[in-house]
Every structure is written in structure tokens, then in C-alpha cells.
Amino acid sequence: MEIKKVKRSEDYSAWYNNLVKQADLAEHSAVKGCMVIKPYGYAIWEKMQAELDKRFKDTGHQNAYFPLFIPKSFFSKEASHVDGFAKECAVVTHYRLKNGDDGQIVVDEDAKLEEELIVRPTSETIIWNTYRDWIKSHRDLPILVNQWANVVRWEMRTRLFLRTTEFLWQEGHTAHATAEEAIAETKQMLEVYADFAENILAVPVVKGVKTANERFAGALETYCIEGLMQDGKALQMGTSHFLGQNFAKAFDVKYATKENTQEYVWATSWGVSTRLMGALIMSHSDDEGLVLPPNLAPIQVVVVPILGKKEEEKQLVLDKARAITSTLKAKGIAVKLDDRDHVSPGFKFADYELKGVPVRIAIGMRDVQNETVEVARRDTKEKQVMSVVDIDTKIEHLLAAIQVNLFQKALDFRDDHIHVVNNWDEFNHALETKTGFVSAHWDGTTETELKIKELTKATIRCVPLNATAENGVCVLTGNPSTQRVLFAKAY
RNA sequence: CGGGGUGUAGCGUAGCCUGGUAUCGCGCCACAUUUGGGAUGUGGAGGUCGUAGGUUCGAAUCCUGCCACCCCGACCA
């Protein structure tokens, strides 16, 4: 395969698209807006799933599965929800095809559904319709359920992983007796997402709440984690919603309290999607290709034997390479020995760099004689010759160091790209001349937020949770404000 | 969905303006020599030129519709 080089600094979009294809993560399918996730890309998604799923289970959740289809009438039950999703729903209207007059397969008009089915864009409605039957008493609460699923949102414009018509995600849907408990759940899951993003993806995130304008359709409060990509655009990486009693009321889900009164149930929902693949790619990768954090790499270490021409030397090198491979495997490291003899070492080096493998070990005759290996790390491109003594421990430490370094690098980049401004001129100047987040005072009204969006294309990514109270004036209106919010151009 | 652009072998491309059945590189197959940063030579296979029509003796090339992708908007995880 000829490698098409696209520089990140020259055309970020082209670089991203090219990287997704070259690194064998995904490709466009025959279906508009839908992608094929290839085995290597899916392996990374599976690692994400495993890490998230463990955290969900650790916080008491169970997995379940609800239907792909939702009766249309369910959507009309929660008014703001239908407003939010109606414009992007795929609808099933018929259940049969037949042979048409001209030999073409056509939809059988006689097989029209009584009630159309919506392909889920999210599952609150079907799930809350189900919860009505599950919840009768305070003893049935809480319900802590997650589902791994595909959903469909008919977006105007799609991009590999970042926004596809069909995407994979998980959606947690919990039911609680009290508002306090539901809010605690919402916040807990936000922490789970932030922990996952920072410690597994090595992507620093800002935890915050969305403004009323950016809130999930049907939520009282939307918490989010926001990341900053290498091109300086923000990416919403996960959301956790406090839904109040909106869905309980819409679907009439009540429970009997200890005092035998009937109360509506309190709800949360939370989700992250294959968009995280996009976040991962855009946070760390470079002109040589993908850069994967060790905690997520399907292959953490690749061993490349440098095979000489003499048959006996070949065997010596291979034996040594195999020995090191099993030593690392025994330590629980995901290691691959690439002993193919028909591609050159140089080709393999470049190929595994493209695939983002964190550590490469090369072993040749020199190393066999000296009891050494050459170790190269993907993140810094540094190479060093190491003694094979305790190689497993050394590699284990190196992987941990790479994980930390990637996070630190991304964190430094993010912090360098938060621009604090205090008036409208500074605000505009920052948006025009710099990329990243702009930290500014805002008067708290949707009107101002929309006006700023119209004037600058920047949106309020979130009201950060850890911000300190600080009196100031809104950059646009001059009205009083008590806290800074983060603006940015976003994906 | 609006504006702009692109579509030729698995990948990247030339040819299109000025119509005559397609160029080059990588990859692939065979053999040999190679192997510490994308090896070299020799021989070979692979294309209904995105798709459906139209014009023409003849269409990759001209015209029309459609599809897909990219960029910029609007919408959004």
C-alpha cells in the first residue's frame, strides 16, 4: 500500500480522514453516512467497551437490551424530547417487499404498518414505557441499567467516527426514588466518564454543565465532559443527564412510597459513543499516524526480528524474539511477534507507527550477541538499546510512562489553549487569532448565548464545575456575572 | 439541505479543454538476490474510466439525471 502523506498542520480534516483509513480503523460503506468499522478499529472500541463496562458494573449497573424500534406515538409523550429528535429520525413504514411490474423489488403498499416505527435515536421513551411495568414500589428502586446498542440519527453531514448516521454507544437509564439520589447518580457517571477519558484515553476533559440552550431534549440538567482536539476545536465526549420526573410523568411511572403514597420516579440517562474513537485519534496522533495510549492499544508491544541472511543466524534471532515475546506475554502485556520474512524491517517499523503501537522492540544478530534489544517508543520516537535483563518489568514501566506522557502532553496543550478574556474586543480577538477554549463571563441568558453564537460561531461548551466564583461582567452585554464559562468552536 | 469541488485497477494518479477503448507509481503473483527505517531485478496478473441515459460512425473525454465523498454553511453525540 502506498502511504499518502497528509500533514496535520496543513489540512486537519484531510489528515484525520486519511489517518482513519490508513491506520485501518474504518472506511465509508455503501450506505450514505454509515461506516464500516474495520477489525483494528473495532478492537480499540472493544477495549473502550471493556473499560467502561467494568466501571459501570463496579458502580452497580447491569446490562440489558431494548428494541431497536420505537412506536411513533411514544415520541409525542415527552414534548421537548420530540422537538429535539424529530428532525433526524429514520422511520419504518412498511414490513414487506414484493416484485414490481418491471421486475424490480418494490415496497408492498399493502404491507403498511398501522403505526410507524422509529429507529431509535436514543431509548428513553421505549425504556420508560417498559419501566412503568417494572416499578411499583420503592422496593423496586433504584433501577440501574445500561445498554450497549446502535442508534440512528439522520444528520445532514457526517464524519467518520465523529458523526455518523448509525453509531454505536452505550446508554445508561436509571430510575430513582428521590431527586437527590438521581442527581448523585448523574454526577457519579460524569466522574466515571472523566476517569475513563483521562486515565484510559489519556484525554484531559473539562467537567461541566450545559447551558439551558445546549441541554439534552427532556433533561433538567445535562452534565458533560469536553475535550480539546489538536486543531483547537472542542469535542463533547460524553453526557450525563438528570431527567427529573419528565419521563416518569410522560410514561406514568409511579411507585408506592413507604407511607403508601404514589410518587413519580426520578430519572437519569448517560452515554458515550464511538465518537470517542474520534477523540482518541484527534488528541494524540501525528504525521506518522495513529498514537495509541497503552491502556487502549490492542497491540501494546510489537517485536520485530531483524532476520539476517544466514539460516542459523535467522534461527538465533527468531528464538530470542520468541523468548522475549513470551516473557512479555507472561507479564500480561499485549505483545505481537511479527516474524514475516517477506516484508522488510523498515516497512514494519513504519507500519506499526501508522497503527499507533506504543512500543516496538527490534532484535537482530547484534542484540543476540550483546544480550540486548532496541526499544522504540511511539509517543516520543525515542530509541534506546536495553539489556534483556528484566526486560518485562522495564517494558511494563515504559508502557506506564507512555500513558502518563500522552495525558500530560494533551493536558499541557489543553491548558495552553484556554484563553481568559474580559471584554468583547478580547473575546473576538481570541476567537479570531487563537484556537481553543475562551474563558469569559456570560450573563446567563439564552438570548446572549445565541447572539454570541451568531456573531462568532462560538458556543458555550460548558459551565465548568470546578470554577471558582468570581464577579465580573458579561463580555457581550456588560450585565453582571458570577462565573466564567468556556466558549469554543466545536465539532 | 444550500454554495463550491472531486470520482479512472486494492491505494495514489495522468489523460478530459481539443472524442478514436487508458498512463505512471505503490501494492499483488512467480523467481532470484536482500533484511538494524517504507529493498532490488526480471517476468506476469489486474480496469464495463462512480452510475443511468443522451449526442456521435465512435465517449474516460461532450450533454443531462442520479449516487458517493471532500470543503464551507445550517443541524447535531
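Every chain is numbered from 1 and lettered A, B, ... according to where its sequence line falls, protein lines coming before strand lines. This structure is a prediction, so every number in the text was calculated from the model and none was measured.
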Is the NZ or CZ atom of Lys38(A) both under 6.0 Å from the centre of the six-membered ring of Tyr40(A) and within 45° of that ring's axis?
no
On a whole-Å scale, what distance lies between the [atom1] atoms belonging to [N] and [M]?
N: G36(B); M: A45(B); atom1: C1'; answer: 34 Å
N: U48(B); M: C31(B); atom1: C1'; answer: 34 Å
N: U23(B); M: U18(B); atom1: P; answer: 24 Å
N: G44(B); M: U8(B); atom1: P; answer: 27 Å
N: U61(B); M: C70(B); atom1: C1'; answer: 23 Å
N: G15(B); M: G20(B); atom1: C1'; answer: 14 Å
N: G47(B); M: A60(B); atom1: C1'; answer: 11 Å
N: A9(B); M: A14(B); atom1: P; answer: 12 Å

Whom does [N] pair with, Watson-Crick or G-U wobble, provided both distances fall under 3.5 Å?
N: A32(B); result: U40(B)
N: G53(B); result: C63(B)
N: C69(B); result: G5(B)
N: U21(B); result: none
N: A74(B); result: none
N: C26(B); result: G10(B)
N: G47(B); result: none

Select one nucleotide: of [options], the one nearest the side-chain heavy atoms of [X].
X: Ser13(A); options: G37(B), C69(B), C71(B); value: C71(B)
X: Arg159(A); options: G38(B), C71(B), U35(B); value: C71(B)
X: Asp341(A); options: G36(B), C71(B), U35(B); value: U35(B)
X: Lys32(A); options: G36(B), A39(B), A68(B); value: A68(B)

Scan [X] against the nucleic acid and name what it touches under 4.0 Å (heavy atoms): base, sugar-phosphate only, or nothing.
X: Gly278(A); value: nothing
X: Met365(A); value: base
X: Glu353(A); value: base
X: Lys457(A); value: sugar-phosphate
X: Phe167(A); value: base
X: Arg360(A); value: base
X: Thr372(A); value: nothing
X: Gln236(A); value: sugar-phosphate
X: Leu235(A); value: nothing

If the plane angle is over 60° it's perpendicular, under 30° parallel, otherwise tilted; pick one for Phe75(A) and His81(A).
parallel
Indicate the ring-plane relationship of Trp266(A) and Phe242(A), choosing parallel, tilted or perpendicular according to the 30° and 60° boundaries.
parallel
Is there a side-chain polar atom (N or O) of [X] under 4.0 Å from OP1 or OP2 of [N]?
X: His342(A); N: A39(B); result: no
X: Ser344(A); N: U35(B); result: no
X: Arg153(A); N: C75(B); result: no

Roughly how many Å is it from [atom1] in [X] to [atom2] in [N], rounded to a whole number?
X: Met35(A); N: C69(B); atom1: CE; atom2: C1'; value: 15 Å
X: Arg340(A); N: A39(B); atom1: CZ; atom2: P; value: 12 Å
X: Lys309(A); N: A39(B); atom1: NZ; atom2: C1'; value: 13 Å
X: Gln369(A); N: G36(B); atom1: CD; atom2: C1'; value: 13 Å
X: His28(A); N: A68(B); atom1: NE2; atom2: P; value: 12 Å
X: Tyr12(A); N: C70(B); atom1: OH; atom2: P; value: 16 Å

Arg360(A) bridged to Glu353(A) by N-O distance under 4.0 Å
yes
Ignoring hydrogens and geometry, is there a side-chain-to-backbone donor-acceptor pair from Gln230(A) to Ser285(A) under 3.5 Å?
yes
Would you say the side-chain atoms of Arg461(A) pair up with the backbone N or O of Val485(A), donor to acceptor, closer than 3.5 Å?
no
For Lys207(A), the option from Glu191(A), Glu198(A), Glu226(A) that meets salt bridge (Lys or Arg N to Asp or Glu O under 4.0 Å):
Glu191(A)
Once each nucleotide of nucleotides 1-7 of chain B is scored for protein heavy atoms under 4.0 Å, what B/S/- sequence comes out, 5' to 3'?
B------
For RNA chain B, whose closest nucleotide is more 5', that of Thr239(A) or that of Gly308(A)?
Gly308(A)
Both Asn17(A) and Arg366(A) contact RNA chain B. Taking the nearest nucleotide for each, which residue is further toward the 5' end?
Arg366(A)
Sequence neighbours excluded, the answer for ring pair (Phe, Tyr, Trp, His ring centres under 6.0 Å) partners of Phe69(A) is none
Is any side-chain heavy atom of Asp53(A) less than 4.5 Å from a side-chain heavy atom of Gln49(A)?
no
Any side-chain heavy-atom pair from Thr174(A) and Tyr131(A) closer than 4.5 angstrom?
no
Can you say whether a donor on the side chain of Lys383(A) sits under 3.5 Å from an acceptor on the base of G37(B), or the other way round?
yes
Separation of Thr268(A) OG1 from Ile183(A) CD1 (nearest 0.5 Å):
11.0 Å
